[in-house]
Visitor: 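Sharing a structure, written as structure tokens. Questions coming.
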Amino acid sequence: MLTIQQIREQKERVIAGLEKKRVAGAQQLIDEVLQRDAERRQIQKQHDDVLAESNRVAKSIGQLMKTGQKEEAEKAKAQAKSLKEEAQRLVEALREAERKLQELLATIPNIPHESVPEGVSAEDNEIVEQKGEIPLLGEDALPHWELIVKYDIIDFETGSKVTGSGFPFYKGKGARLQRALLNFFLDRAVEAGYVEVQPPVLVNEASAFGTGQLPDKDGQMYHIERDNLYVIPTAEVPITNMYRDMILEEHQLPIKHVGYTPCFRREAGTWGADVRGLNRLHQFDKVEIVQIRKPEESYAALEEMRHYVQSLLEALELPYRVVKLCGGDMSFTSALTYDMEVFAAGQKKWLEVSSVSNFESYQAARMMLRYRTENKKTELLHTLNGSALAFPRIVAALLENNQTPEGIRIPKALQPYTGFDIIN
RNA sequence: GGAGACGUGCCGGAGUGGUCGAACGGGCUUGACUCGAAAUCAAGUGUACCCUCUAACGGGUACCGAGGGUUCGAAUCCCUCCGUCUCCGCCA
């Protein structure tokens, strides 16, 4: 979240940022935050003063007892008691003020980087780069949801029976392709300097809050009520939260991790004609990269991550474009996001396969993730992450773009991992 | 799942109601000594919030797994929860 210090010190910048993100009533929101903050400080001052007095009296009682001044001690006790009662009233008011302030702060999204374009929706996003040949297929080119049936490699109907819609089975070469992608993506990331981790796929409430899924995306996650655990929507959550409540030393930085997990999303109310087949699932596989950086390095790291993801798409010979999201289309927690979209020639659509974001100190503030600077100050770190990559839409594009009368060709880079060069 | 033990600062480890943010040792930082290093000696060494216009400095409050309670006063007593370890059970 934004810290109260940030809001106090850079009020105008914060308001302008929220407006760019199309937050309604930004000015009033920030005014309310500042007013609540002032209230809180005033109450805390009173509370601290009363407690300080109470502590002084309590200490003097100890002295009086030692020197045997019983009467004096009794008098002091009575005084201490009334101070204590006053403090108790104040502590309740203080908690209430803190709770209100925190609640309000938690609803404020991150503010965008200055380079983020103005805009309200995906149509205002800025295309930064486009690479690769868009394949010219004949009129008989099939979308992937027909190809998977034709070659019997992914089975949605059985998944519906066993679990529900959006939970497919991968079979035969389809399953093997998943395994190939997993190893391919992990091997590449490790070569690029990311340390592999295999995280839990269930996280507690504090972790879900730490990376910003709670309270903003409560309805998006599966929740296990009995144990109060959330099923992760992305590996970002457990991996970034490894460092929650930590003060890192400079020599530990930068931190770079890669992890594979299945991801689970309820996607309530988002089903429609344009999310057929693999385009949107409740369970899907993803390899995620995460970096934790000193603030002054984070934008260089973002570019590095973006180019790394591009190199994967190039290795897979997929035509893609890089899109910089506009203010209105960005996520709650992000300061700058690049989406990577591949062209799927069967459905003739661009599909988002990766989203690479710099959260600056937004997640770090929620997680209390800091480092000690050279002059021994503690300072919030910056967190970043990106998909590298999400499997289903990659598979969709591979199937559609590489279909031939003989079968579906597998790109060269993947062949050592699949053990075959065609699905037929 | 059952029984028991335990949870203190960067680490080890004291502390069973008052002057304890916390002995002692190690580590680390700075200084002295040295051509330099080692050894030795001395000093320092947590986090958050608040107050002082800001900052340094200073002052206050809170924090000894978490949350409650008892008390004028709790790391120390009581309750609940979480975690770790040992034994038994179960099991991939």
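Predicted model only: the values in this text are computed from it and were never measured. In what follows, chains are A, B, ... by sequence order, proteins preceding strands, each numbered from 1.
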Visitor: Quick one: which residue pairs count as a salt bridge (Lys or Arg N to Asp or Glu O under 4.0 Å) with a foot in residues 308-317 of chain A, not counting sequence neighbours?
Guide: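 Applying salt bridge (Lys or Arg N to Asp or Glu O under 4.0 Å) to every pair that reaches into residues 308-317 of chain A, excluding sequence neighbours, yields A/Lys131-A/Glu314.
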
Visitor: Is A/Lys217 close enough and on-axis enough to A/Phe332, meaning under 6.0 Å and within 45°, for cation-pi?
Guide: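 Judged by the rule (NZ or CZ under 6.0 Å from the ring centre, within 45° of its axis), A/Lys217 is not positioned above A/Phe332.
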
Visitor: Starting at CZ of A/Arg372 and ending at C1' of B/rU47, how long is that distance when rounded to a whole Å?
Guide: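 Spelled out: CZ on A/Arg372 to C1' on B/rU47 is 9 Å.
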
Visitor: I want to confirm an ordering. Mapping A/Gln44 and A/Glu53 to their closest nucleotides on RNA chain B, which one lands closer to the 5' end?
Guide: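 Mapping each residue to its closest nucleotide by heavy atoms, the 5'-most match is A/Gln44.
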
Visitor: Could you tell me how far apart A/Met246 (CE) and B/rU47 (C1') are, to the nearest whole angstrom?
Guide: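 Taking atom C1' of B/rU47 as the reference, CE of A/Met246 is at 15 Å.
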
Visitor: Listed by chain and number, what are the salt bridge (Lys or Arg N to Asp or Glu O under 4.0 Å) partners of A/Glu157, not counting sequence neighbours?
Guide: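 In terms of salt bridge (Lys or Arg N to Asp or Glu O under 4.0 Å), with neighbours along the sequence ignored, A/Glu157 is linked to no residue.
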
Visitor: Report yes if at least one side-chain N or O of A/Gln5 is closer than 4.0 Å to OP1 or OP2 of B/rC49; otherwise report no.
Guide: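 For B/rC49, OP1 or OP2 has a side-chain N or O of A/Gln5 closer than 4.0 Å.
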
Visitor: Show me the protein contacts with nucleotides 53-57 of chain B, counting only N or O atoms at under 3.5 Å.
Guide:
from   : atom 1 : to       : atom 2 : distance (Å)
B/rA56 : OP1    : A/Lys377 : NZ     : 3.1

Visitor: Starting at atom NE2 of A/His251, determine the distance to atom C1' of B/rC10, rounded to an integer number of angstrom.
Guide: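 In whole Å, B/rC10 C1' and A/His251 NE2 are 10 Å from each other.
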
Visitor: Any base atoms under 4.0 Å from A/Ile247, or only sugar-phosphate, or nothing? Heavy atoms, all strands.
Guide: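 The answer is sugar-phosphate, as A/Ile247 gets under 4.0 Å only of primed atoms, P, OP1 or OP2.
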
Visitor: For A/Lys45 and B/rU61, what is the distance between atoms NZ and C1' respectively, to the nearest whole Å?
Guide: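 Checked: the NZ to C1' distance equals 10 Å.
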
Visitor: Please say which of A/Thr333, A/Leu105, A/Ile7, A/Ile108 ends up in a side chain to side chain contact (heavy atoms under 4.5 Å, CB included) with A/Met1.
Guide: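 That would be A/Leu105.
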
Visitor: What string of B, S and - do you get for nucleotides 62-76 of chain B, 5' to 3', if B is base contact, S is sugar-phosphate-only contact and - is no contact with any protein heavy atom under 4.0 Å?
Guide: S-----S--BBS---

Visitor: Phosphate oxygens OP1/OP2 of B/rC49: is one of them under 4.0 Å from a side-chain N or O of A/Arg41?
Guide: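 So the side chain of A/Arg41 is outside the cut-off, no N or O lying under 4.0 Å from OP1 or OP2 of B/rC49.
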
Visitor: Let me know the distance between CG of A/Asp227 and P of B/rG83, rounded to the nearest Å.
Guide: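 After rounding, the gap between these two atoms is 10 Å.
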
Visitor: Would you measure the distance from the P atom in B/rG21 across to the matching atom in B/rU61 and give it in whole Å?
Guide: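 Between the two P atoms, the distance is 10 Å.
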
Visitor: Would you please name every residue forming a ring-ring contact (aromatic ring centres under 6.0 Å, His included) with A/Tyr338, sequence neighbours left out?
Guide: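 Per chain and number, A/Tyr338 pairs via ring-ring contact (aromatic ring centres under 6.0 Å, His included) with no residue.
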
Visitor: Let me check I have this right: for RNA chain B, each base becomes ., (, ), [, ] or |, based on Watson-Crick or G-U pairs with both distances under 3.5 Å. What is the full string?
Guide: ((((((((.[[[..)..(.....]]]((((((.......))))))((((((......)))))).[[[[[..)....]]]]])))))))....

Visitor: To the nearest Å, how far apart are A/Glu379 CD and B/rU47 P?
Guide: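 Roughly 14 Å, once rounded to whole Å.
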
Visitor: A/Leu101 has an atom CG; how far is it from atom P of B/rC50, in whole Å?
Guide: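 In whole Å, B/rC50 P lies 10 Å from A/Leu101 CG.
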
Visitor: Distance-only criterion, 3.5 Å: show the donor-acceptor pairs between side-chain atoms of residues 247-264 of chain A and protein atoms not counting sequence neighbours.
Guide:
from     : atom 1 : to       : atom 2 : distance (Å)
A/Glu249 : OE2    : A/Arg372 : NE     : 3.4
A/Glu250 : OE2    : A/Lys294 : NZ     : 2.5
A/Gln252 : OE1    : A/Glu249 : N      : 2.8
A/Lys256 : NZ     : A/Glu304 : OE2    : 3.0
A/His257 : ND1    : A/Val195 : O      : 3.0
A/His257 : NE2    : A/Tyr243 : OH     : 2.7
A/Tyr260 : OH     : A/Asp285 : OD1    : 2.4

Visitor: List the residues meeting side chain to side chain donor-acceptor pair (under 3.5 Å) with A/His144, not counting sequence neighbours, and say none if there are none.
Guide: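 Expected list: A/Gln347, A/Glu400.
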
Visitor: Distance check, P atoms only: B/rU80 and B/rG26, in whole angstrom units.
Guide: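 About 41 Å, rounded to a whole number of Å.
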
Visitor: Tell me, which pairs form a salt bridge (Lys or Arg N to Asp or Glu O under 4.0 Å) where one or both residues lie in residues 22-37 of chain A, sequence neighbours left out?
Guide: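 Matches after skipping sequence neighbours: A/Arg8-A/Asp37, A/Lys11-A/Asp31, A/Arg22-A/Glu118, A/Glu32-A/Arg36, A/Arg36-A/Glu39, A/Asp37-A/Arg40, A/Asp37-A/Arg41.
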
Visitor: Distance between the P atoms of B/rC6 and B/rU76, in whole angstroms?
Guide: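 About 15 Å, rounded to a whole number of Å.
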
Visitor: Are the side chain of A/Ser357 and the backbone of A/Phe359 linked by a donor-acceptor contact shorter than 3.5 Å?
Guide: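 The answer is no, because no donor-acceptor pair under 3.5 Å joins these two groups.
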
Visitor: Using the ring pair (Phe, Tyr, Trp, His ring centres under 6.0 Å) rule, collect all pairs that involve residues 89-120 of chain A, keeping only residues at least two apart or in two chains.
Guide: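 For residues 89-120 of chain A, and leaving out neighbouring residues, the ring pair (Phe, Tyr, Trp, His ring centres under 6.0 Å) pairs sorted by first residue read A/His113-A/Tyr299.
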
Visitor: Ignoring backbone atoms, test whether A/Arg370 places a side-chain nitrogen or oxygen under 4.0 Å from the OP1 or OP2 oxygen of B/rA48.
Guide: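 Yes, because at least one side-chain N or O of A/Arg370 sits under 4.0 Å from OP1 or OP2 of B/rA48.
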
Visitor: With C1' as the reference atom in both, quote the distance from B/rU8 to B/rU84 in angstrom, rounded to an integer.
Guide: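 The answer is 15 Å between these two C1' atoms.
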
Visitor: From CD of A/Glu249 over to P of B/rC11, roughly how many Å is that when rounded to an integer?
Guide: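 That distance rounds to 12 Å.
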
Visitor: Using a heavy-atom cut-off of under 4.0 Å over every strand shown, decide if A/Gln42 touches base, sugar-phosphate, or nothing.
Guide: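 A/Gln42: no heavy atom of the nucleic acid under 4.0 Å.
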
Visitor: How many angstroms lie between CG in A/Leu90 and CG in A/Leu51, if you round to the nearest 0.5 Å?
Guide: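 Interatomic distance, A/Leu90 CG to A/Leu51 CG, rounded to 0.5 Å: 8.5 Å.
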
Visitor: Sort and list the pairs that fulfil ring pair (Phe, Tyr, Trp, His ring centres under 6.0 Å) and have at least one residue in residues 171-213 of chain A, not counting sequence neighbours.
Guide: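 Those involving residues 171-213 of chain A are A/Phe184-A/Tyr417, A/Phe185-A/Phe391, A/Tyr194-A/Tyr308.
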
Visitor: Roughly how far apart, to the nearest Å, are B/rA74 and B/rG69 at atom C1'?
Guide: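 The same atom, C1', in both gives a distance of 12 Å.
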
Visitor: Would you please name every residue forming a salt bridge (Lys or Arg N to Asp or Glu O under 4.0 Å) with A/Lys21, sequence neighbours left out?
Guide: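 Applying salt bridge (Lys or Arg N to Asp or Glu O under 4.0 Å) to A/Lys21 gives none.
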
